[in-house]
Amino acid sequence: MTPALPPSPLTKGKGRESGAHVTPEIAVSKYNPSEIEPKWQKRWAEAGLHKTAYDPAKPKYYVLDMFPYPSGSGLHVGHCEGYTATDIITRWKRMQGYVVLHPMGWDAFGLPAENYAIKTGIHPRVTTEQAVANFRRQIDSVGFCYDWDREVNTTDPSYYKWTQWIFLQFFRKGLAYEGVMPINWCPSCKTGLANEEVKGGLCERCGTPAERKALRQWLLRITRYADRLLEDLAEVDWPESTLLMQKNWIGRSEGAEVAFRISGGSADGQELRVFTTRPDTLFGATYMVLSPEHEIVERITTPEQRGAVKAYQEQARRKSDLERTDLAKEKSGAFTGGYAVNPANGKKIPVWIADYVLATYGTGAIMAVPAHDERDFEFATKFKLPIIEVVKPVQGPTTLPQAAFIEDGISVNSGDCDGLATAEVKKKITKRLASEGSGKAAVTYRLRDWLFSRQRYWGEPIPIVHCPKCGAVGVPEEQLPVALPEVERYEPSGTGESPLATIEQWLRTICPKCGGNAKRETNTMPQWAGSCWYYLRYLDPENGREPWSKKAEKQWMNVDLYVGGAEHAVLHLLYARFWHKVLYDLGLVSTKEPFKKLRHQGTVLARTYSDSRRKYYPLSEIEFKNDEPYLKATGEKLQCEIEKMAKTKLNGINPDDVIMQYGADTLRLYEIFMGEFELPKPWDPRAIEGCNRFLRRIVRLVDEFDPSKVSPGDPHKRLRHRTIKQVHCDLDRMHFNTAVARLMEYVNELSSAGAVREDLETLTKLVAPFAPHLADELWERMGKSGFLLTQQWPVYDEKLTAFEQVTIVVQVNGKLRGDFLASPDATQEELQKAAFDVPKVKPHIEGKTVRKVIVVPKKLVNIVAG
RNA sequence: GCCCGGGUGGUGGAACUGGUAGACACUAGGGACUUAAAAUCCCUUGCCGUAAAUAUGGCGUGCCGGUUCAAUUCCGGCCCCGGGCACCA
C-alpha cells in the first residue's frame, strides 16, 4: 500500500567526498539548504509560480507589505519579519484556493541617496539602482513569493508621471495651493517639514531642532478631509493603538465659537472670535489671550503698552519649536491695554497676548477661564488676574482655589444657568449666543494642512509652471512626466530653493495657457508622495494610458491585509488615506478606505555591548566568560543591553549571514517563532538552532520513513486533525509562533511513535507556508509532483479534533488534589461521582461536610468542603 | 502630565470568552551511541521543604487589596519598562 521511497537527494549533501566510505543504506540524512533552496527558487521562477492573474472563479486576497526604502546597508532581519508573515499568509491563502496578489516595490526617492550624492557626486539614480539590486537579491534569497512582474519604483519616470498626474487632479480640485507662511525648517536637511515630521521640536529624520522660516510652499488641503479621515476609521480593522494615534492626530474637538466685542481703542466695536470647548464657563471668562502673531494685536494695543507688546512678540518669534514645547513650563505674556466685552454678562475684560495660545489652532485667540482651565489658572495666578468660580462639583469639595476645577459639574455664578449640569449649560449658552448673533456651535481640528513641497533634488518635480500673466498653471497631462533633469551639483541652492532652480535650461519654459515665457516650479514632492498610491499601481503596473484601470481596481481593491512598522502609524497611513479619499471623490477608486486590515510587526531587538564610556562593540570583539561579556582587547567587562537594532549600536543582524549558516527556511521559521508577531522581541542567535533542528527532524522523518515501525491503522488520526485545526486557527489570528509550536509537537510525536504516509503528506503541506523550499523538496522526495503552492491545504474534520478521553482535574476548596480520565460526553453526575472516587481526593474531604460541588464538563470538578 | 501597550521559570515565550500556570523552544546538567568529536536519542530543569524508590506538602504569573467555589485572566490602588502625544483652548 505504501510504496518504498526512492533514495533521497537530501542524503547526498556534503557527503560527496565522504560518499566513498559511507554506503547509501546507512547514510545519515542531511539537510543541505544551500543546495535545495537555490534549486527550488530557480524552479519556481521558471514555472512563473508567483505570477498573479485575476481569476473571477476564485476569491481574491490582496496582501501588501509596506515597500522599503532601498538603503545602502541592505535588508535587515526586521524587514524579514514582516515579509515572512505576509509570505506565509500568501502561501496559506493560495493553498486554500484564493488568487492572491502579493507585490513588492521600492520607495526609492529620499534623502540618504541625495546626501550621498552631495558628498560623492554620484547620481542618486545610480546608488538607488545598486541598492535595489541588492535588496532584490536578498529578498529572493529568502524565498518570498512576490510577483515581480508588478514591481514598482517610485523614482521611475513611468511611475512618477502618475504621481504628478494625481497631484494635478488635486490642483484642479483646489486641494493643492501655494502659500507663503512660516514653515518648519530643518537647517540640516535644508528643507521644509510637514507638521507630522517634527517630533518634540526636532526634525523627525535627523534630530536637528526645527526652525521657523517663511518660504513659498505648496500645501495639500488635508484639513478638508479631517472629518472623513476620522469617521471612516470605523470601517477598518486596525490595531487599537494606531486608530487612537490617528484620532489624536486629527484631534477633533466640539465646542462653540464665541464673538467678543472689543471695547475702546482703534479696534472699538470689532469682533474677536474665540473657540472654546467649554461654552458653559463663559461667565467665568475674566480675560482674553491672543497668540502673539494674531492680526488684531496691532490695532488693539494701546500706545502705553506698545513697547511691552512689541518686545514680547519679538521674544516669541525667536523661540524655536523646541523651546515652545519643552521649555515653556513657565507662563509668559503681555497686556495689550485693550479690553473686550464678555457677551454673557457685559463685563469688560482685559486682552493679553501669550505664546501659550497657538496661532495655528482654532482662531488663535481664547477666552480665559482660570477657574476651570489649568493653563489659564497658571497664567492668571502669575499675572494676578481675577479667578471666578462658575462650576461646582456635583458632589464633594472643589479643587479651587488651590487648582483649577476642570471636570464637569453644576453651574454657579452663571445667571439663569445656575444649578444646571455642564452638558445642559453648554447647549443653552451656545443656543443663546447663536440667537444673539454672537456665537455658534463649532468644531475644530488639530490637523493642519500638509506641507507638500521640499527644496530638494531627489523627488518628483511638482508639475506646475509659473507664468507672470496666468499664475500657477498645471503642466498639461500629455507633457507628463516632468522629468528630473541632470544636475552638476545636488546641494540646495543658497536661497533655500531646490537645486533645480539652478538649471536655467530646464527652468525656462512656455506657459501652457498663454504661450508666454514662464518658469517651472522647482520644488519637489516629499518622500510620502510615492507611497500614497503605490498599492494601486501594483494592480496595473504596465498601464501607459492611466495610473490604473477601473477594471483592475474593481477586481483587487481593498488591500485585505497590510503589514508594516508602527512608525508609520500617523504619517504614511494618514497621507495615503487622504489621497485615497480624494481619488474616491474623483471616481478613480471604488472604496472609501484603502487598507482593510492592518497589522504591525514588533520591532526586532538585539543585544548590545558597551563599555563604561558607552562605546559600542561588535560581537566579534567580545569574548564570554561564564556568560558575561568581556572586551577581547582589554579584558574590560562590558555592559549588555537589549536594544532596537541600529547601525550605530553594532547589533544589526544581516539575513545573508543567517541564510549562509542555516538556510532561508530556518531564518523564516525563527523570524516568526521568536515571539508574538505584534510585540517587540529580542533576537537570540542561539535560539535559531532550535528551528534548524526542527527542520532537520522533519527531513529525517521523511528520510527514514518506515511503515513497519508504526502501530497498525492510523494511530495519529486525531492528533493530525487537531494539528491541522490549530495551525489553521493560529494562522488566521496571525499567531505564527504557536502555529510552529503545534507543528513541533506533531513532529515530536511522529518521531517517537512513527508515522503513516498520510501524516507525512499532511505535515509537509502544513510546513509549506513556513519553510517552502524544504516542503517542496520533501514533496518531490515522497514521489509527488508539482509545487505545494498549487496543492490543497489540508482540511480537518471537527469531530476528529476532539480527544477520545479528557483529563478531569479534581479540586478540593480550589486546590488541585487529583485527576481522572473521562469521556468528553460524560454527564455532570458521572463526573461528580468519579471525582469522589479518586483515591488522592479522599483524604482531603474526610471528616468534612461537602457544601457544594462545581462540575465543569471536560475540565474539572471542584469540591467545596469544610 | 495625559493616552495606549506590556511585566509569567536561568532565557524567548504558551494558556480560546475566569477552570490543570509554565505548551513549544533555548540554555544548563546527567546519561546512551561513538576510538573520538559532531550529529542524534533518552532523562532532569519554577522556587522551598519532607521523604529520598514509587512519593508528598507549601509557595508561585510586578506589588497591595477586592469579587468568586475558582483569578495570569475581572475590579480598585500603586510600582517598573516600552511607545505615542505634549500648552490643541
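These numbers were taken from a predicted model, which means no experiment stands behind them. Just so it is clear: chains get the letters A, B, ... in the order the sequence lines come, proteins before strands, and each one is counted from 1.
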Side chains of residues 734-745 of chain A: which donor-acceptor pairs under 3.5 Å do they make with residues two or more places apart or in other chains?
residue, atom, partner, partner atom, Å
A:T738, OG1, A:D730, OD2, 3.1
A:T738, OG1, A:H735, O, 3.0
A:R742, NE, A:E745, OE1, 2.8
A:R742, NH2, A:E745, OE1, 3.4

Got a list of side-chain donor-acceptor pairs under 3.5 Å for residues 242-249 of chain A, not counting sequence neighbours?
residue, atom, partner, partner atom, Å
A:T242, OG1, A:H600, NE2, 2.7
A:Q246, OE1, A:R577, NH1, 2.8
A:Q246, NE2, A:A569, O, 2.7
A:N248, ND2, A:L244, O, 3.4
A:W249, NE1, A:E196, OE2, 3.0

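If you measure from atom CG of A:L679 to atom C1' of B:rC4, you get 13 Å, rounded to the nearest angstrom. Whole-Å rounding puts the A:D684 CG to B:rU27 C1' distance at 9 Å. Here B:rG12 presents its C1' atom at 16 Å from NE2 of A:H735, a figure rounded to the nearest Å.
Nucleic acid contact class of A:P680 (heavy atoms, under 4.0 Å, all strands): sugar-phosphate only. Residue contacts shown for A:T444 are absent, as no nucleic acid heavy atom lies under 4.0 Å away. Looking at heavy-atom distances under 4.0 Å, A:N737 makes contact with sugar-phosphate atoms alone, never a base. Looking at heavy-atom distances under 4.0 Å, A:K644 makes no contact with the nucleic acid at all. Note on A:F673: a base of the nucleic acid sits closer than 4.0 angstrom, heavy atoms only.
With values rounded to the nearest 0.5 angstrom, A:T223 atom OG1 is found 6.5 Å from A:L447 atom CG.
The side chain of A:T738 lies closest to B:rA14 when the candidates are B:rA86, B:rC87, B:rA14. In the set B:rA86, B:rC24, B:rA89, B:rA89 carries the atom at the smallest distance from any side-chain atom of A:F275.
By the side chain to side chain donor-acceptor pair (under 3.5 Å) test, A:N692 is found to be paired with A:T666, A:R696, residues two or more places apart in sequence or in another chain being considered. Every residue two or more places apart in sequence or in another chain that forms a salt bridge (charged side-chain N to carboxylate O under 4.0 Å, His left out) with A:D280 is listed here: A:R278. For A:E749, the salt bridge (charged side-chain N to carboxylate O under 4.0 Å, His left out) criterion is met by no residue, not counting sequence neighbours. Among residues two or more places apart in sequence or in another chain, the salt bridge (charged side-chain N to carboxylate O under 4.0 Å, His left out) test is passed with A:D373 by A:R375. Looking at residues two or more places apart in sequence or on another chain, you find no side chain to side chain donor-acceptor pair (under 3.5 Å) involving A:Q832. With sequence neighbours excluded, no residue forms a salt bridge (charged side-chain N to carboxylate O under 4.0 Å, His left out) with A:R448.
Comparing B:rC48 with B:rU11, their C1' atoms sit 22 Å apart, to the nearest whole Å. Across the P atoms, B:rU61 and B:rA51 are found 28 Å apart, a figure rounded to whole Å. Look at the P atom in both B:rG22 and B:rA15: the space between them is 13 Å, to the nearest Å. Comparing the C1' positions of B:rA25 and B:rG13 gives a spacing of 8 Å, expressed to the nearest Å. Remark: the separation of the P atoms in B:rU72 and B:rA21 is 9 Å, to the nearest Å. Between B:rG18 and B:rC75, the distance separating the two C1' atoms is 13 Å to the nearest Å. Comparing B:rG49 with B:rG60, their C1' atoms are spaced 14 Å from each other, to the whole Å.
The environment of CZ in A:F836 is crowded: more than 12 heavy-atom neighbours from other residues, nucleotides or ligands sit within 6.0 Å.
Side-chain atoms of A:Y361 and A:T444 include no donor-acceptor pair closer than 3.5 Å. Side-chain atoms of A:E643 and A:T608 form a donor-acceptor pair, as typed in the model, at a separation below 3.5 Å. A donor-acceptor contact under 3.5 angstrom links the side chains of A:Y312 and A:D355, judged on distance only.
Ring orientation note: the planes of A:F383 and A:F379 are tilted relative to one another, at an angle of 30° to 60°.
Taking for each of A:E196 and A:M744 the nucleotide of RNA chain B with the nearest heavy atom, the 5'-most of the two is the partner of A:M744. Toward the 5′ end of RNA chain B lies the nearest nucleotide of A:K681, the other residue of the pair A:I688 and A:K681 mapping further downstream.
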What are the atom names and distances for every N/O pair under 3.5 Å that joins the protein to nucleotides 16-21 of chain B?
residue, atom, partner, partner atom, Å
B:rC16, N4, A:K859, NZ, 3.3

N/O contacts under 3.5 Å, protein versus nucleotides 40-47 of chain B?
residue, atom, partner, partner atom, Å
B:rU40, OP1, A:R696, NH2, 2.5
B:rU40, O3', A:R700, NH1, 3.2
B:rC41, OP1, A:R697, NE, 3.1

Output a table of nitrogen or oxygen pairs between the protein and nucleotides 58-61 of chain B separated by less than 3.5 Å.
residue, atom, partner, partner atom, Å
B:rG58, OP1, A:R817, NH2, 3.3
B:rG58, OP2, A:R817, NH1, 3.3

Dot-bracket for RNA chain B: what is it, with Watson-Crick or G-U pairs under 3.5 Å, [ ] where a pair crosses earlier ones, and | for a pair to another strand?
(((((((..(((......[....))).(((((.......))))).(((((....)))))..(((((..]....))))))))))))....
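A:V351 places a side-chain heavy atom less than 4.5 Å from the side chain of A:M288.
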